[in-house]
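One structure is given below, encoded as structure tokens.
Numbers here are sequence positions counted from 1.
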Amino acid sequence: MSAAASLGRRAGITGIVFHSRTCAAVTAASCLAHLWLVAGNQHGTWLNLLMLAMVAVCLPCAVHILRHGRISAIRQVMAAALAMTGVHAVLLLGAGAGGAGHSHHGTAAAASAGASPSGSLALLAVMALEMTTALLAATLLARLRAQPRG
């Protein structure tokens with residue numbers, strides 16, 4: 001192997017390691033944010049249970065991605081991020097329609113008037129984070145597939 005090819009391979013591996021660590025860090029940060037929300041108990045029981053289930057699925061995968069770069073863990077994070085994007089979209093549409101989707105306790109006026117603009121913006125921001133997580137996982141999978149073996 002030539003020196004240029006060796007340098008290119010090392011740079012590719014370094015890029016994949018950084019990509020893998022970024023994907024794991026974003027996944028772990030999302031898990032911690034969901035745990036913080038559950039601890040604050042600002043959501044209904046079923047949303048708290050759903051968030052705990054998401055953490056139970058995603059946190060071990062973040063560890064596996066960080067340590068080993070396991071393909072199955074990357075796929076699971078990508079699928080969970082896409083599913084959570086869908087859940088947040090349903091909550092956004094339910095809250096925007098005046099439904100009982102995503103409402104915070106404390107203000108009866110906000111609950112009767114539907115979603116507050118700040119709550120809708122927060123859901124959109126979370127959806128952007130989840131889509132970014134899914135994109136990081138998908139592009140990491142593509143990089144790992146394209147990586148030459150040997």
In the single-linkage hydrophobic clustering (I, L, V, M, F, W, Y; side-chain heavy atoms under 4.5 Å), do M54 and L35 co-cluster?
yes
Are any of the side-chain heavy atoms of L47 and V38 separated by less than 4.5 Å?
no
If you look at every heavy atom in L141 and R75, which pair is closest and at what distance?
CD1-CG, 3.7 Å
Do L50 and V57 share a hydrophobic cluster, counting only Ile, Leu, Val, Met, Phe, Trp and Tyr and linking them when any side-chain heavy atoms are less than 4.5 Å apart?
no
Nearest 0.5 Å, what's the NE2-OG distance between H64 and S72?
7.5 Å
Minimum heavy-atom separation for M51 and L37, please, with both atom names.
SD-CB, 4.0 Å
Flag side-chain contact, heavy atom, 4.5 Å: R67 against V63
yes
Are R70 and I65 packed together at the side-chain level, in the sense that at least one heavy-atom pair is separated by less than 4.5 angstrom?
no
Verify same cluster id: L140, F18 (apolar side-chain graph, 4.5 Å)
no
Distance, nearest 0.5 Å, that separates OG1 of T132 from CG of L136:
7.0 Å
Nearest 0.5 angstrom please: M131 CE to L129 CG, how far?
10.0 Å
Can you hop from V126 to L121 via hydrophobic side chains spaced under 4.5 Å?
no
Where A62 and A24 come nearest, the two heavy atoms and their spacing:
O-CB, 3.4 Å
Does V26 offer a backbone N or O that forms a donor-acceptor pair with the side chain of S30 under 3.5 Å?
no
With rounding to the nearest 0.5 angstrom, report the CD1 to OG1 distance, I74 to T139.
9.5 Å
Looking only at non-hydrogen atoms, find the nearest pair between C31 and V55 and report the distance.
O-CG2, 3.5 Å
Donor-acceptor pair, side chain of H88 and main chain of M84, under 3.5 angstrom:
yes
Ignoring hydrogens, what is the shortest heavy-atom contact between L92 and M127? Give both atom names and the distance.
CD2-SD, 4.2 Å
One should read off an interatomic distance between M78 CE and T133 OG1, to the nearest 0.5 angstrom, of 12.0 Å
Which distance, rounded to the nearest 0.5 Å, do you find between the CG of L144 and the CD1 of I71?
4.5 Å
Can you confirm whether L66 sits close enough to T27 that some side-chain heavy atom of one is under 4.5 Å from a side-chain heavy atom of the other?
no
